[in-house]
2 protein chains.
Amino acid sequence: MEKSINNVLSVNVSEATEVYGEQKKILVAVDCIVFGFDGKELKLLLFKRKVEPLKGAWSLIGAFIKEDMNLEESAEKILFESTGLDQVYLQELKTFSNVNRDSGGRVISVAFYSLIQLKKSKTDKLPHYEARWFSLNKIPDLILDHQQMVEEAIKELRKKGNQPIGFNLLPEKFTLPQIQVLYESIYQKEFDNRNFRKKLLSLGILIKTDKKDKSSSKKGAYLYEFNKEKIEKMAVEKYDFGL
Amino acid sequence: MEKSINNVLSVNVSEATEVYGEQKKILVAVDCIVFGFDGKELKLLLFKRKVEPLKGAWSLIGAFIKEDMNLEESAEKILFESTGLDQVYLQELKTFSNVNRDSGGRVISVAFYSLIQLKKSKTDKLPHYEARWFSLNKIPDLILDHQQMVEEAIKELRKKGNQPIGFNLLPEKFTLPQIQVLYESIYQKEFDNRNFRKKLLSLGILIKTDKKDKSSSKKGAYLYEFNKEKIEKMAVEKYDFGL
DNA sequence: ACAAAAGTGTTTGATCTACACCCATGG
DNA sequence: CCATGGGTGTAGATCAAACACTTTTGT
């Protein structure tokens, strides 16, 4: 191995176009793990493959990246094209690069996860493309390493508890019971409602409105909004929201 | 944009080789942010470019990935070849993909960071390759987006405080003052030594030996080891080490 | 009037922070 | 014997967890 040191260094260190020319290029894709919350449950958006091989199998949505776009732009584009949504929250998860991960050839895929509000989304288009929302505990078998991508995304989502995720998964106005259900859905466990409210309100990022949502109880629950300015400011000051 | 939906879906959904064939391939590289701890300070390993363009500028070590290796393997290889080290801790950071990030052509780079013990490393080789260790607050200008990679790596390192990082940066046996200096070096602030020790010891992952290290005081400080089995077990059980 | 969901406080233990002195040793 | 770095404990504040009843209102 010793002998290859110079070899590697010359490759690394020189960036003249002719040197790059000697290198092997590779297909690069993005795959999107799209989570949606419908007010009751966290769901995952999957698409049915329409072509061989693996036709009919469930899969994440993805695409190869083009020469004139970076990864984030590519992910935004494909999300927009597949769901009609733009301005969605998108985060890089990790890169999947095993040599034989894709039976169709050598493809490196960068996984992104995304959080959207299920109601707000005009997801009318979706059925047309054989897409469906799945409960997290009823995810079907997925192609390639997509299962692993989903698992890692869920793990990441749970780790991110200390950021106001709800922001992306909830509508403008929402009730405290709703946000609690969301967190219970993410962590797959129940929280004590008194402690949950106390902690949430103590963060000082919620604004109580005087309206009530009576869609799920006779008494009705107060609607809250996120205090966006405050969240921005806290993010800049590197606050940790411990939820 | 509406019109391209079918286009994208067909690209995504079909993975037959002939379809992949239509896609543009791209150069993919790995760049390694190598941190080392010498017992006093956290340092960053940088390499001097030997060729044009940007000859003489400081840079992270990196290489294009080959067809027969995944990213992790590529990163391990280049680290081994440039530092002589194997079995080092390596973590994917994120992917840098801006279209014009590299003046030599379209290159997507996946950044990895790595933690090593500076003493243990036979870094004798390094000077030969015009490599140098830099204090974190004396990092020179770097090529391309390498500066940004380093910044993100440091941020990540700080976030990872809740994992026993020291494991990778410290020698087999180390003293409590040493590990405190390490953390102070990572977070660039001082900790109260009573509180620091209390917390560290309360994790139950350290084994006190009856030996002392007198290299930095007359009294000498007890040497400790990590309890590797316990750390393994805790990692499996998804423990959080809050440091 | 009752079922169903919303809302509310207190106590207990755990953890975090701030803080100052004695110890062991080599020179 | 003294300078240097290593080692130790406690009190007050803050935070997390456990726990049960009252309120509202549509039917």
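Here the structure is a predicted model, which means the values were calculated and not measured. In what follows, chains are A, B, ... by sequence order, proteins preceding strands, each numbered from 1.
- Residue Phe35(B) is tested with Ile116(B), Leu44(B), Leu118(B) for a side chain to side chain contact (heavy atoms under 4.5 Å, CB included); the sole match is Leu44(B).
- Applying the 6.0 Å contact sphere to NZ of Lys212(A) captures more than 12 heavy atoms from other residues, nucleotides or ligands.
- Between the C1' atom of dG5(D) and the OH atom of Tyr222(B) lies a distance of 15 Å, rounded to the nearest Å.
- In this entry the distance linking CG of Leu200(A) with P of dT8(C) reads 13 Å, nearest Å.
- Residue Phe191(A) contributes atom CZ, which lies 20 Å from atom C1' of dT8(C) at whole-angstrom precision.
- Here the side chain of Ser74(A) pairs a donor or acceptor atom with the backbone of Asn70(A) at under 3.5 angstrom.
- No engagement by Thr175(B) is indicated, since no non-hydrogen atom pair under 4.0 Å with the nucleic acid exists.
- Within 4.0 Å of Ser216(B), counting heavy atoms only, lie sugar-phosphate atoms of the nucleic acid but no base atom.
- Atom NZ of Lys199(A) is separated from atom P of dG7(C) by 20 Å (rounded to the nearest Å).
- Here CD1 of Ile186(B) is found 7.5 Å from CG of Leu115(B). Values are rounded to the nearest 0.5 Å.
- Using a 3.5 Å distance cut-off with no hydrogens or angles, the side chains of Asp213(B) and Thr175(B) do not pair a donor with an acceptor.
- Using bins of under 30°, 30° to 60° and over 60° for the plane-to-plane angle, the ring pair Phe191(B)/Tyr187(B) lands in the perpendicular bin.
- In this entry the distance linking CG of Leu201(A) with P of dG9(C) reads 12 Å, nearest Å.
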**Q.** Reading 5' to 3' through nucleotides 19-27 of chain C, protein heavy-atom contacts under 4.0 Å coded B for base, S for sugar-phosphate only, - for none
**A.** BB--BBBB-
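- Across the protein-nucleic acid pair, Lys208(A) atom NZ and dA6(C) atom P stand 14 Å apart, rounded to whole Å.
- Taking atom CG of residue Leu203(A) and atom P of nucleotide dA16(D), one finds them 10 Å apart after rounding to whole Å.
- Atom CD of Gln180(A) is separated from atom C1' of dA5(C) by 12 Å (rounded to the nearest Å).
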